[in-house]
Structure formats: structure tokens, C-alpha cells
Amino acid sequence: MLLLSYLRMKLLTHNMLTSHVKGVTKGYPLLIKATEVKLTDVDFNSEFVSRMIPKIEWSVLVEAADTLGHLNDLPRDLPPDYESSEDFLRKVHHVLLEVEVLEGNLKCPESGREFPITKGVPNMLLNEDEV
Amino acid sequence: MRDRRNRMENEAIHLEKKHVHSVYEKTAPYLSDLRCKAWPRVRQFLLEQEPGSLIADIGCGTGKYLDVNGQIYNLGCDYCSPLAEVARKNGHEVLVCDNLCLPFRDQIFNAVISIGVIHHFSMKERRIRAIREMARTMVPGGLIMIYVWALEQKHRRFEKQDVFVPWNKALCSRNNSTSSENSNKHSPGYIDLNPMLYSKDYRMDDNLRQENTAKRSYSAGNYVSVGRCCLKIPEEHENKFYSSFGKSLRSWFFSKSFDESSLKKHMERVRPLKNSDGWVENTVLVQPSRHCSIDLGHTGSLLNGQVYEDDDVFVETTNKEESLSIKNEQYMPTILGANNLNSVSNRIFLRTSTLDSTDSFLDAINADAEPLVNTKDFMRYYHVFRDGELSQLIEENVAELSIVSSCFDHGNWCVIARKIT
């Protein structure tokens, strides 16, 4: 569905998102409930991926990928010499950048509040009483 | 005291909702067509980031900075859903959120840009909060670049710091690789603004015409990719709209004089505005900037061909008594807009002397106030910054940031700061 290929949220983005609903202390990570997931092609850049890995929460990425059914054989633990393994980097690349959520929502793990994802754009605005 | 603060905050939220968020929502279709130029300094800042960096553009709009550097991961955020959607359609990673409550973990971004955003916050405290919230999401050592509209412009100066700026639709060169004669071929209700600029009501010198043509061809290619969104105006009003818009456009740039009888007539129609507690100074209505503003990019240069000296800044009267007691340097200048644009003639604008405003107390702009030049829905609120104000704001209130550099760029104050803790 090429037409819709631009409308998506990547797992790299999800990795950074947290809930700031008032009173919530553990708003991370958000649980993904995806009703529509797409795979896309993104040019592989090993340096980019390798530099990105230390910036993300690895276990959250693994869990998110698993939830979407795209974990494949990505290891749950980060191998120590990942920079030198192109094979590994490609797998990470795929999960970070090529698995995309079109429709669904992100759920705060503590309050249960759901943030919708519409046409690939998460809406994280809080209502007045939630701020 | 707390109640007063809460009231002020509520007023601020209300004002921003009305004169920032809803304006952007309504004008998003225009902005999607207008490919604003990316500021070179911002581009440079982005290109200097290390490959593999995580960057956030807070208030990204249509996402013009999100593809400057392909070696970094660019995440765009905007409060305005329609704008975010445009950015998304352009292939960018975006989300909708509030600058004051960013949905990110602490310390994740290597760099943040905030270009033409925090000047839309109507309270100093909210501007501080916005900066602090962005700082929270930055890794130590990370850089933030902030651009805000400057009080001091190249050939003029805003008279006040809290202003409403009409959004000038004519400055959007919508569509058009076709000539103006072909505009009839568009679907009913489609507004092609370019022919209006050439109407006999509207003078334009050759330089400007050429530049406008060049601008149209530049935007034509981009236009196709973002899709069409037409302003729906009933056909019977279209002709009126066209001719009166031309007139109103001109009146934005030229002052007219008033005679006593028309003055009296207008005074009678002025309605008092509601005053709310706590708001001190009047917010000022200004003409569209003749220079490059944040949003207009280099389309501002379209105005360079204009021959006009006046750049009056007007303040609305708050009640009849006040308007009647005009003295000395105050006078009754222009009526904005022409006959066919309703309600403008009900407005009186006073020219005032410069009043210094170091704080951002807001005017009580009545929700019921008459529309102005048919732009009631298109008045954007800005707090324009003085020289040094942004740096001072950060130095005094955001301990986690340390100023790296500061400059004036195209009518904006630009500050770069580093996260130190």
C-alpha cells in the first residue's frame, strides 16, 4: 500500500515517548496497541544505527517489536560487540526504522490513558484535568 | 495571589488557543502550500550535528527542517494536528504534543530546535517553562537553538512587545504555474490570490511583479506534492472578496485620514471590550511585517517593492470613553479594510506612542469582538523580544542551560545554549 507508506510511527520514536499524565510516576514505556502495522524500506546506514543504539532503551525496543510481532531473531540482550556485526546492525535497523505503526494507540502503563495514533501521528496532548 | 495567577494562566491559555492554535489550524492548508525558506543558520546548526544524533524540532510546523540532515534522526513535534499531518505526509516523523509538556523521557536529545515558537506564549512564565521543558529532554552537552521574533526590525520597530499580527493571505503565493487568466478554470470556491495582486486596485512595481512570478514558479513544484486545500467561499462573494481584498491590502500599508463625521459614526459603533482582572497593557495590532518573519520566510521580500513609509502600529480602544478622550499624539488613522468586508468600519484604531513593555500582560480581547479585515480568525499573537531579552530569560531562569551564542538574524533573535547538567 504505497499510498499510505508515509503515514506511520517508528519504533525508534516509541522508544522515546513517555506519559506525563498528572500523578504518574512510571509513564514509560507506553504500551503499543497497533491495529495497523506496515513494513517499509529505509536505506541502511550502519554508522547511524550503531550510534543510535546507546541512545535507546534496548529492552523497550525488544518488547515493542515483540508486541508487533516483528521481533524475529533479535536478541533480548544487547551483544557486547554490536558495532562490528553488520548482521546485527541490520536487524536493529529493521526494527527501529522499518516497522511502522499506522493506526492504534499508546497506553500509559500506570494510568491506562490511551494516546491515539492517527495516520501515523501520535497525539500526546493531555486534557486540562490531566496536566 | 494564587487565584490571580491561575486566572492569568487561564487567560493566557485562552488567548493562545484563540490566537495561536486555532489560527494555525485554520491556516494550515495555506502553510502546506507555502514552502517557507529554511533559515540558513538553522540549517547550518542541524548539519553540524553528529551523524546518529537524535534531534527534536519543537514546533516543527510543516517540517521544513526535518529533512535538512539525513544523517540524524529528526523528530518533529507540533501542537497543531493539521500541520503535523502535513509534515507526516512529507515523510517526516512527527507527533502532536504541547511544548509545555513534552512526552519524552529525560535526557534523550542531542539537539533541539525551537524556531519561531516560544514567542507565541503569552506569559513570561510560560515561555520559561517551555524552555525548561525542552532542556529537560536534552542530554548534557546537547545544544538548543531558539529563534524568536524581534522587537527591533530592520526598518522599524514594533511599538509594543505583545502584538497581534494579521495573517496576510496574499503573501502566500498559492498554486500557480498557470497565469492569472486560468484561475477561472479552478473549481468553484477556489481562491487564487495571485490575480488580486495584479488587479488595478493594487499598485505593484515591476520588480515586485517579477519576484512574485519567480516565487510562483518556485512553489509550483512543491505545491503538487502536498495536495490541494481550497478556501471555500460562496461564489457570489468571490468577486466582492477579490476587489475588497485588494483595497484592504493597500490600506494595510497606507494611512488614510478621517473626517469628523465619519469619525463620529465609527465612534458610535465601537463596542466596549470586556476587561478582565490582572491584564494590564493593551496588546497591539500590527500590520504584517514587511520583512522576513518566521513564518513567511523569504516571501517577506515580496514586500520590498512596496513604496510606503508608514508602518503604524495600532492599539484597539477599550471603551468609548477612552476613544473620545484622545489627545495629542494620538490620532485616528486608518480603517482597515474596505466596504465589503464587514465590521471593519466598526473599529477604531489609535496610534499611540511607544510604551515599553517588559512583561507579557495581555489585553482583554473580547471573544465577541468584531472581525478585522475578515481576519478575526487570523490574528496571531506574538510576544516580540527585545535585544538581550531571550538571553536574559535563560540566564536568569534556566540554570540547566548556558548561553553559547546570540545573534540577530532576519528579524529574529537567535540564541544557542548548551545543556550543562
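Just so you know, these numbers use all the heavy atoms, side chains as well, and skip hydrogens, waters and symmetry mates. Each chain gets a letter, A, B and so on, in the order the sequences are listed, and its residues count up from 1. The structure presented is a predicted model; accordingly, all values stated were derived computationally and were not measured.
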[atom1] of [X]: more than 12 outside heavy atoms within 6.0 angstrom?
{"X": "A:Asp43", "atom1": "CG", "result": "no"}
{"X": "A:Asp77", "atom1": "CG", "result": "no"}
{"X": "A:Glu110", "atom1": "CD", "result": "yes"}

- Query: So which of A:Met124, A:Met16, A:Glu47 has the largest heavy-atom pair count under 4.5 angstrom toward chain B?
  - Reply: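 Heavy-atom pairs under 4.5 Å are most numerous for A:Met16.
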Shortest non-hydrogen pair, B:Arg88 vs A:Gly120, comes out as NH2-O, 2.8 Å
Looking only at heavy atoms, the pair that brings B:Ala84 and A:Val121 closest together is CB-CG1, 4.2 Å
Is it the backbone or the side chain of [X] that comes under 4.5 Å from a heavy atom of chain B, or both, or neither?
{"X": "A:Leu97", "value": "side chain"}
{"X": "A:Asn45", "value": "side chain"}
{"X": "A:Leu126", "value": "side chain"}
{"X": "A:Asn15", "value": "both"}
{"X": "A:Thr13", "value": "both"}

How long is the straight-line distance from [atom2] of [Y] back to [atom1] of [X], given to the nearest 0.5 Å?
{"X": "A:Leu125", "Y": "B:Ser81", "atom1": "CG", "atom2": "OG", "value": "6.5 Å"}
{"X": "A:Arg51", "Y": "B:Ile72", "atom1": "CZ", "atom2": "CD1", "value": "12.0 Å"}
{"X": "B:Leu75", "Y": "A:Met9", "atom1": "CG", "atom2": "CE", "value": "10.5 Å"}
{"X": "A:His20", "Y": "B:Glu133", "atom1": "NE2", "atom2": "CD", "value": "6.0 Å"}
{"X": "A:Leu12", "Y": "B:Leu54", "atom1": "CG", "atom2": "CG", "value": "6.0 Å"}

| said: Heavy-atom pairs under 4.5 Å with chain A: which of B:Val139, B:Leu102, B:Ile13 has the most? | reply: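 Ranked by heavy-atom pairs under 4.5 Å with chain A, first place is B:Leu102.
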Does any backbone or side-chain atom of [X] lie under 4.5 Å from a heavy atom of chain A? Answer side chain, backbone, both or neither.
{"X": "B:Thr137", "result": "neither"}
{"X": "B:Glu93", "result": "side chain"}
{"X": "B:Tyr79", "result": "both"}
{"X": "B:Gln107", "result": "neither"}
{"X": "B:Leu100", "result": "neither"}

Exercise for review: Using atom types as modelled and distance alone, determine if a side-chain donor or acceptor of A:Lys55 lies under 3.5 Å from a backbone N or O of B:Asn110.
Suggested key: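 Judged by distance alone, no pair lies under 3.5 Å.
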Using a 3.5 Å distance criterion without hydrogens, assess whether the side chain of B:Arg105 forms a donor-acceptor pair with backbone atoms of A:Leu17.
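Between the backbone of A:Leu17 and the side chain of B:Arg105 there is no qualifying donor-acceptor contact (under 3.5 Å).
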**Prompt:** Are any of the side-chain heavy atoms of B:Tyr73 and A:Met52 separated by less than 4.5 Å?
**Reply:** yes
